[in-house]
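See structure below.
Naming: A, B, ... by sequence-line order, numbering from 1 per chain.
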2 protein chains.
Amino acid sequence: MADKQKYKRSKQRERIYSLLCSTKDHPTATWIYSELKKEFNNLSLGTVYRNINILVDQKKIQRLQSGSSFDRFDGNVETHYHFICEKCGKIEDLPCVVLPELNAVVNTNTGYHTEKHRLDFYGFCFSCSAQ
Amino acid sequence: MADKQKYKRSKQRERIYSLLCSTKDHPTATWIYSELKKEFNNLSLGTVYRNINILVDQKKIQRLQSGSSFDRFDGNVETHYHFICEKCGKIEDLPCVVLPELNAVVNTNTGYHTEKHRLDFYGFCFSCSAQ
DNA sequence: TTAATTGCAAACGGTTTGCCACGTT
DNA sequence: AACGTGGCAAACCGTTTGCAATTAA
């Protein structure tokens, strides 16, 4: 995933991409694998993961994930928002007012009913932006 | 983690809880383990995980995580918000307007600089709330 | 005494990676 | 020819779990 990598075309990657664009679901790697296994008899899960990472690197698809790979825990159970450093992964509490009216926006403008949301802001923390 | 489980006290759990309350960082299980290993010589990581889950179950702490355990991917790289079903884990796109002014709120009211955020709403999807 | 908790080690499950053959340029 | 890609299987790593011994109620 180096910066100056030259990617070549591959049928598998193109199908993964078109498959992801053709659905409004938010597929998992395993689902993509089982779908494309029908077309590519010898497809392996490793290939799916490798290509997904390339596509994310190319910014053609996005990974829906909170940030770091392991769970983090918070002794503060009150709703509050977080600032997540895109470089070091540090999570900091935001001294911001929580906006319960966001729930109301969703409840009146969509068919969904919600009473809870999660809001994370991304950027560089002080020490990382100083570097 | 059944509903009518009666939890007994344990020194380890009480220290995990007080440790989580004493810091504004958002520790990982491994960090908690290495801190408390100093006090409990034979502490094991399994104990930390078990007690974390109990504390989450008791709603004394919160787990900072997006939802399901495996990554999901989206062919739509435009910023958009999601509705996540708390029961089945399904992720759906919200036909909502994105609110770039939320970034401005953070940038003017806190010391942080952000140009990107992620907003997830939680609730029950149509089929799960029908049940 | 009963049942929850612990430490230990093995198992789990999603993801990554090393290797070598194959495909693209 | 040079090098990215695929398939396969093993490795990785955070988390969970089975078990026997310990501890709280």
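If you measure from atom CG of B/L45 to atom C1' of D/dC13, you get 11 Å, rounded to the nearest angstrom. If you measure from atom CD1 of B/I54 to atom C1' of C/dA3, you get 13 Å, rounded to the nearest angstrom. Taking atom CG of residue B/D71 and atom C1' of nucleotide D/dG14, one finds them 13 Å apart after rounding to whole Å. For the pair B/Q12 CD and D/dA24 C1', the computed distance is 12 Å after rounding to whole Å. To the nearest angstrom, C1' of C/dA4 lies 14 Å from CG of B/D57. As a whole-Å value, the separation of B/N42 CG from D/dT23 C1' is 15 Å. Rounded to an integer number of Å, the gap from B/Y7 OH to D/dT23 C1' is 18 Å. In this structure, B/E14 atom CD and C/dT5 atom C1' are separated by 13 Å, rounded to whole Å.
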(request) For side chain to side chain donor-acceptor pair (under 3.5 Å), just list the numbers for B/H82 and B/D93, CA-CA rounded to whole Å, side-chain angles, deciding distance to a tenth of an Å, and then say yes or no. (result) CA-CA 5 Å; B/H82 292 108; B/D93 293 336; 3.3 Å; yes

(request) Give the intermediate values and the outcome of salt bridge (charged side-chain N to carboxylate O under 4.0 Å, His left out) for residues A/E86 and B/K116. (result) CA-CA 10 Å; A/E86 295 184 82; B/K116 195 162 64 180; 2.8 Å; yes

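Ring planes of A/F126 and B/Y112: parallel class, angle under 30° (limits at 30 and 60°).
For B/S44, the side-chain atoms get nearest to C/dC8 when compared with the rest of C/dT6, D/dT5, C/dC8. Among C/dG7, D/dG6, C/dT5, the nucleotide with an atom closest to any side-chain atom of B/L43 is C/dG7.
Geometrically, B/K60 engages B/Y17 in a cation-pi contact defined by less than 6.0 Å to the ring centre and at most 45° from the axis.
For the atom pair A/T114 OG1 and B/F124 CZ, the distance stands at 10.5 Å (nearest 0.5 Å). Note that the CZ atom of A/F73 and the CG atom of B/L20 stand 8.0 Å from one another [nearest 0.5 Å].
Taking the nucleotide of DNA chain D with the nearest heavy atom to each of A/K37 and A/R13, the more 5' of the two is matched to A/R13. Each of A/G46 and B/N41 lies near DNA chain C, and the nucleotide nearest B/N41 is the one positioned closer to the 5' end.
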(request) Starting at the 5' end of nucleotides 18-25 of chain C, put B wherever the base has a protein heavy atom under 4.0 Å, S where only the sugar-phosphate does, and a dash everywhere else. (result) B----BBS

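Here the side chains of B/Q12 and B/R50 are not in contact, with every heavy-atom distance at 4.5 Å or above.
Distances shown here put every side-chain N or O of B/N51 at or beyond 4.0 Å from the OP1 or OP2 atom of C/dT5.
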